[in-house]
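Have a look at the structure below before the remarks.
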Amino acid sequence: MATKSDYTANDIRVLKGLEGVRKRPAMYIGSTNATGLHHLVWEIVTNSIDEALSGYGNRIIVTLHKDGSCSVQDEGRGIPTGINDEEGRSALELVFCELHAGGKFNDSVYKTAAGLHGVGASVTNALSCYLDVLVYRDGEISHMHFVDGGRIETPLEVIGTTKKHGTTVRFLPDPTIFSTIEFKWDTVSNRLQEYAFLMKDVTFILIDERIGQSAEYHYPNGLVEYVETVNQNKTPLSPVMYFDDFDNETQIEVEIAMQYCNNDYNETLISYVNNARTGDGGTHESGFKTGITKAINDFIEANKLNKGKHLEGSDVREGLTAILSLKIPEKYLQFEGQTKGKLGTNEAFNITANIVSTKLTYYLNENKELAFNIIKKCIDSQNARLAARKAKDEARSNKKVKQDIILSDKLTPAQSKDYMKNELFIVEGNSAGGSAKKGRDRVHQAILPLRGKPLNTDSVSLERLLKNEEFATIINTIGAGYGQSFDLDSIKYGKIIIMSDADSDGAHIQTLLLTFFYHYMRPLITSGHVFVAVPPLYRVYKENGSKTTAQEYAWDDEDLEKAKKKVGPGYKINRYKGLGEMEDVELKETTMDPKSRRLIQINIEDPFLVEKRVGILMGNDSSMRKQWVEENVDFNEEDKFIKEVKHDEKN
Ligand code: 28G
């Protein structure tokens, strides 16, 4: 029997554990920015998911409250409240006070997301001002309340009776830990939707009381609906094909949904293991690629197509969207890489490869007409690849051809031939183009002004794209081709910088250009060569007669307050409406000079989100686009499509 002093000693030990989390939060949740903040939610939600996957409760409700707190509610068995610990503590107390680094408890064979990388609900408790738990179980409602990062303020007590069962947890993040404590609708909503795609039987509900908005996600067709959603703005060539299987020996389960689309040169492959994203791929992705290449080549051979020529993996995956989801028992789980986002399990390679090659082969033979259409697309990809290769070889062996590229007279080129140091500014409007031309660094900066809105390339044929003067000029200027023949090694600029007005038209132009790069020069984005310039919104200055005696630029309201203080009493504010209003010296100083400008580096972390976003922005529903642009003109750090680099690197 534990004595009171044991309990107190133990209390201190527990608090020390949670104190460690507060001292080094990044070690537990990766960062203390918006990404880390949302980890607090995922830690709690994964407990509800574990309970649902054990077969208890198929509805999970997340609420973002007006006071900044978040609550999660499930309809599982309720966390056990009986005391069964040697030290006299309840399972509930252990869940919220003990660090479960890596080895999380779980009834199922498969460790879920939490068991994989998560550290448990105690971390959320440690980083919260308060955390409140209600358990509905065995006819009783039990309550426990923690404050200041895990100190028990109200010990576990029964506060009522109930017929329900489940757990509700509500917490308020600690503002002294995080750089922001504002939960984002998009972040939470996208994650819950992603979970819903992966767990056919579970309904996820999000309620945002701050903005009076809610959403419900439930996909009985799971991965099939996932692929349909990713591809919603594309033209399908095939239906969504779905394959699943179970390996008796290892107990590994594999699910695959995939679809080919026309007018798409890219492949989108998203994979999961035990419901956690494997962003860096691994053995399951390699197995998938091997399996699909084999199935297609076998079919080509059996039907005497393509004059017996085999296709390469990239030919077979052009225009393919595929989602892979594996369930792997702990015994076989192995992760690699710094962020543990890469599956290392060797068994997963053969199992996945076999499922795809066997089942896809069967499918192709059962649907011959469709199969011929798929094969035709793959052969087209091969031809495009070979033609591009040939053109590149010829260009290399004949320097003259290379020099013959006629640069548009709209381009003001850079003088340097050190391409990687050169920057191409694609500028909205001729007047801004003029200032940019004057304000540029002639050695390394080139200016290409755009006339009006570029073409929306989301649903446009290649012929029309190439007839479009703006894009033909951009392709020619960058000098590395496009589509499958795009060759990253040939680019003439290390940085491609989109410079448009800080208004919704400017944001629209950015998106149109990004859509183009995303579809036709994706490696340019994935290798970090594409940027958006951020012009300031205000100039705060003081004048003495006609002489400016002090001035500061401001990019947002926070900057503006600082600038007012810095310039001091008697300041005046000039609000920029567009780039065209700026003198060339101003434009140089604020938006172009690497020493003082701000750039946003475009990066794709999540192909699903990008597809969705491109869909919203480029689709036919202009009201959605308008709303999105208004909400996101101020792109911020948590945005998955673009990532802000506050100040350009100082070199
Ligand atoms: C609402 C927000 C977060 C949870 C449960 C249910 C059980 C549980 C949670 O048990 C201790 C260790 C392994 C069994 C398990 C209830 C078995 C029987 C549970 C949640 C005891 C934890 N009855 N629901 N934990 N296990 N929901 N939602 O946290 O052996 S956590």
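Remember, it's 1-based here, ligands and their atoms both numbered in the order they're listed.
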- prompt: Given Gly57, Ser90, Ser48, which has its nearest heavy atom closest to atom 2 (C) of ligand 1?
  reply: Ser48
Option whose closest heavy atom lies nearest to atom 9 (C) of ligand 1, chosen from Leu134, Thr81, Thr168, Ile79: Ile79
Quick one: which ligand 1 atoms are inside 4.0 Å of a heavy atom on [X]?
{"X": "Arg137", "answer": "16 (C), 23 (N)"}
{"X": "Ile44", "answer": "2 (C), 3 (C)"}
{"X": "Glu51", "answer": "5 (C), 6 (C), 7 (C), 24 (N)"}

- request: Decide whether an N or O pair under 3.5 Å exists between Asp74 and ligand 1.
  value: yes
message: A quick test of your reading: do over 12 heavy atoms of other residues, nucleotides or ligands sit less than 6.0 Å from NZ of Lys289?
response: yes
message: Would you say CD of Glu19 has more than 12 non-hydrogen atoms from neighbouring residues, nucleotides or ligands within 6.0 angstrom?
response: yes
statement: Note: His165, heavy atoms under 4.0 Å from ligand 1, region reported as neither
task: Begin from the C-alpha positions of Ser71 and His65 and carry the test side-chain hydrogen bond (donor to acceptor under 3.5 Å, both in side chains) through to its verdict.
output: CA-CA 8 Å; Ser71 64; His65 298 281; 2.7 Å; yes
field: ligand 1 contacted by Gly78 (non-hydrogen, < 4.0 Å)
entry: yes
task: State if Pro80 counts as touching ligand 1 under the rule of any non-hydrogen atom under 4.0 Å.
output: yes
- prompt: Ion pair present between Arg598 and Asp556, side-chain N to carboxylate O less than 4.0 angstrom?
  reply: no
task: Would you tell me whether Tyr219 and Gln193 have side-chain atoms, one donor and one acceptor, within less than 3.5 Å of each other?
output: yes
- request: Would you check if there is a donor-acceptor pair between the side chains of Glu285 and Ser271 at a distance under 3.5 Å?
  value: yes
message: To the closest 0.5 Å, what do you measure between CG (Asp138) and OG1 (Thr81)?
response: 7.0 Å
